[in-house]
Number of protein chains: 2
Amino acid sequence: MIQALPSLVLPGVSVEALRARCSSCSMHQLCLPMGLDTADMERLDQIIGRRRKVPRGATLFRIGDPFASLYAIRLGHFKTFQVNPDGAEQITGFQMSGELLGMDAISTDRHHCNSIALEDSEVCEIPFGSLQQLLVDMPTLLRHFHRMMSQEITREQSVMLLLGNMQATQRFAAFLVNLSSRYEARGYSATTFQLRMTREEIGNYLGLTIESVSRLLSKFKKEGMLRVSNREIELLNPAMLKAITAGTRTCG
Amino acid sequence: MIQALPSLVLPGVSVEALRARCSSCSMHQLCLPMGLDTADMERLDQIIGRRRKVPRGATLFRIGDPFASLYAIRLGHFKTFQVNPDGAEQITGFQMSGELLGMDAISTDRHHCNSIALEDSEVCEIPFGSLQQLLVDMPTLLRHFHRMMSQEITREQSVMLLLGNMQATQRFAAFLVNLSSRYEARGYSATTFQLRMTREEIGNYLGLTIESVSRLLSKFKKEGMLRVSNREIELLNPAMLKAITAGTRTCG
DNA sequence: CGATGGGTTGAGTTAAGTCAAATTTCGTGG
DNA sequence: CCACGAAATTTGACTTAACTCAACCCATCG
């Protein structure tokens, strides 16, 4: 057992990088292993098939694919979208590190949406059969898994509120505020971040056209609420954006 | 143990009505006990706190209420809705018998939406703590519970597609087709049913005004696709409605 | 350095919203 | 059972937020 693994001798490549583990993953306080003790985290690690790289633009799964695994995002960003019979697409979410993909597939053992990487990304493949066995043994994991599914339900309800009730300005403010808080939760700046999606994708998600998104960006910029340069965003007045999101402020 | 319960001697009131059971409930093939054998169904029955009556217009739970139980609808209809800080409401779903309410509350132990009965209804109160214990012992129940949560995620994604991408006509057709298939799954007519919600509630759910809903009803009626009389609906051309839903047919 | 895909801006259009008025339905008490 | 008021619904006329279409800009990259 003292014998070094071959990879250990390769310069510049640590074992950790090749065989990543939940315990060393910066996302473990947000992701599935949240709250697990070391032993349990180790067991979860065991069942994770592999850490898969998904290059920008590549498909992680598509509608109709048989369901085998959930995917935890280690790194990067994804979008999920639905497709109407007439071909119209609707982006149902943008996911980032620590979030779980594929939960919609549990109901019928087939995926119900497409998932594509917005940038070069990495996911942990969690075979659902194995996970189910662990759930029975690990109440903490079971509880957190349920929380994550429930959270997804809640998130989607908020989007329904956004799409069904909000004005374009309010939708866009809500979108920015949401991104901001998620980056903050991951230890990144709440005010400065890169948009990983195109204007078209933002528009699609928000039920707006690309032109409307562009105009909203210009409007917010003109009103001094943010700085924009291509995909780089800086929120200059987060409080105002939150007020607009809440509908308590109409915006100039 | 031979001694009759007091209620047994009341004329016209059966024990079954007072102490309903999953095994005798017409919804058990759609509801949480789906697929359970007799013994397991009995165990599930044991934990169900009570069958609660919820009169029309009454609140089952509201945003912020501490989460204690899920509710399976035995009978009747409910709506769930979100509320924006500015007071705007968005109906996120209409639920009917055999469906589960409250899953959004698991994530934070607080309810995230309001739930109100659309007519005099009855629910089975399923204390979540007890349910969690059962889940560990009963793999079939665990699996079906996950399916139900996943189904809710999928359902909400469809609504996002509807709200984000569809035209008013398409939304309304989708709404009718959806109700139709759910009644069919419950053994009711797929073509003739009562709307349990007001036009205003339909409009709110679909992101339309009450006037638009009224106009759409009139339009569909004029085009011979349905008969309407107050809340009574008869679908005369379900195939056409499905085609409109799919976006493959634009409607006259 | 020209092609390409993303993004911006302006002008005109339209689907759905708002406002208003008429009509029907429903619940309640006489 | 009927009358009445309140609530829900329908319909029409007009308005508007967001869309479409079109031109243009700009960053990137082979």
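Chain letters run A, B, ... following the sequence lines, proteins first and then strands; every chain starts at 1. All values derive from a computational prediction rather than experimental measurement.
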S.K.: Partners of A:Phe172 by ring-ring contact (aromatic ring centres under 6.0 Å, His included), sequence neighbours excluded?
M.R.: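 Result, ring-ring contact (aromatic ring centres under 6.0 Å, His included) vs A:Phe172: A:Phe220.
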S.K.: Applying a 4.0 Å non-hydrogen cut-off, can you work out what B:Arg171 is touching in the nucleic acid: base, sugar-phosphate, or nothing?
M.R.: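 If one applies the 4.0 Å heavy-atom cut-off, B:Arg171 turns out to touch nothing in the nucleic acid.
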S.K.: Under 4.0 Å from any heavy atom of chain B: name the first and the last nucleotide of DNA chain C that qualifies, 5' to 3'.
M.R.: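 So the outermost contacting nucleotides come out as C:dA15 to C:dT25.
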S.K.: Could you give the CG-to-C1' distance, from A:Leu163 to D:dA18, as a whole number of Å?
M.R.: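 To the nearest whole Å, that distance equals 14 Å.
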S.K.: What residues, two or more places apart in sequence or in another chain, satisfy ring-ring contact (aromatic ring centres under 6.0 Å, His included) together with A:Phe67?
M.R.: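 Scan of A:Phe67 (ring-ring contact (aromatic ring centres under 6.0 Å, His included), adjacent residues dropped) gives A:His111, A:Phe128.
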S.K.: Sugar-phosphate atoms are those with a prime plus P, OP1 and OP2; base atoms are the rest. Using that split, label each nucleotide of nucleotides 25-30 of chain D B, S or - for protein heavy atoms under 4.0 Å, 5' to 3'.
M.R.: ------
S.K.: For a quick test of reading the model: is some side-chain N or O of B:Ser214 closer than 4.0 Å to OP1 or OP2 of D:dT11?
M.R.: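 Answer no for this pair, as no side-chain N or O of B:Ser214 is under 4.0 Å from OP1 or OP2.
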S.K.: Kindly write out the residues that satisfy side-chain hydrogen bond (donor to acceptor under 3.5 Å, both in side chains) with A:Ser121, not counting sequence neighbours, or none if the list is empty.
M.R.: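 side-chain hydrogen bond (donor to acceptor under 3.5 Å, both in side chains) check on A:Ser121 returns nothing, list empty.
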S.K.: Assess whether ring pair (Phe, Tyr, Trp, His ring centres under 6.0 Å) is satisfied between B:Phe94 and B:Phe78, documenting all intermediate values.
M.R.: CA-CA 6 Å; B:Phe94 297 113; B:Phe78 285 79; over 10 Å; no
S.K.: What pairs of nitrogen or oxygen atoms, one from the protein and one from nucleotides 12-14 of chain D, lie under 3.5 Å apart?
M.R.:
from: D:dG12; atom 1: N7; to: B:Arg215; atom 2: NH1; distance (Å): 2.9
from: D:dG12; atom 1: O6; to: B:Arg215; atom 2: NH2; distance (Å): 3.4

S.K.: Just how large is the angle between the end axes of the helix from C:dC1-D:dG30 to C:dG30-D:dC1, five pairs per end, to 10 degrees?
M.R.: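 Axis angle across the helix from C:dC1-D:dG30 to C:dG30-D:dC1, nearest 10°: 40°.
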S.K.: For B:Glu99, check salt bridge (charged side-chain N to carboxylate O under 4.0 Å, His left out) against everything at least two apart and list the hits.
M.R.: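 Here the qualifying residues are B:Arg182, B:Arg186.
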S.K.: With distance as the sole test, does B:Ser69 use its side chain to make a donor-acceptor pair with the main-chain N or O of B:Glu125 at under 3.5 Å?
M.R.: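 Checking the backbone N and O of B:Glu125 against the side chain of B:Ser69, no donor-acceptor pair under 3.5 Å is found.
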S.K.: Closer than 4.0 Å, any side-chain N/O of A:Gln167 to the OP1 or OP2 of D:dA18?
M.R.: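 True: A:Gln167 side-chain N/O within range (under 4.0 Å) of D:dA18 OP1/OP2.
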S.K.: With sequence neighbours excluded, what pairs up with A:Glu234 under the side-chain hydrogen bond (donor to acceptor under 3.5 Å, both in side chains) test?
M.R.: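 Per chain and number, A:Glu234 pairs via side-chain hydrogen bond (donor to acceptor under 3.5 Å, both in side chains) with A:Arg227.
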S.K.: Could you list the residues that satisfy salt bridge (charged side-chain N to carboxylate O under 4.0 Å, His left out) with B:Glu156, not counting sequence neighbours?
M.R.: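 Partners of B:Glu156 by the salt bridge (charged side-chain N to carboxylate O under 4.0 Å, His left out) criterion come out as none, since no residue qualifies.
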S.K.: I'd like a table of donor-acceptor pairs (distance under 3.5 Å, sequence neighbours excluded) in which one partner is a side-chain atom from residues 54-61 of chain A, with atom names and distances.
M.R.:
none

S.K.: Please give me every residue in residues 199-208 of chain B whose heavy atoms get under 4.0 Å of an atom in DNA chain C, ordered by residue number.
M.R.: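 Heavy-atom contacts with DNA chain C come from B:Gly207, B:Leu208.
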S.K.: With a 4.0 Å cutoff (strictly under), does any side-chain N or O of A:Ser212 reach OP1 or OP2 of D:dC19?
M.R.: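 Yes, within the criterion.
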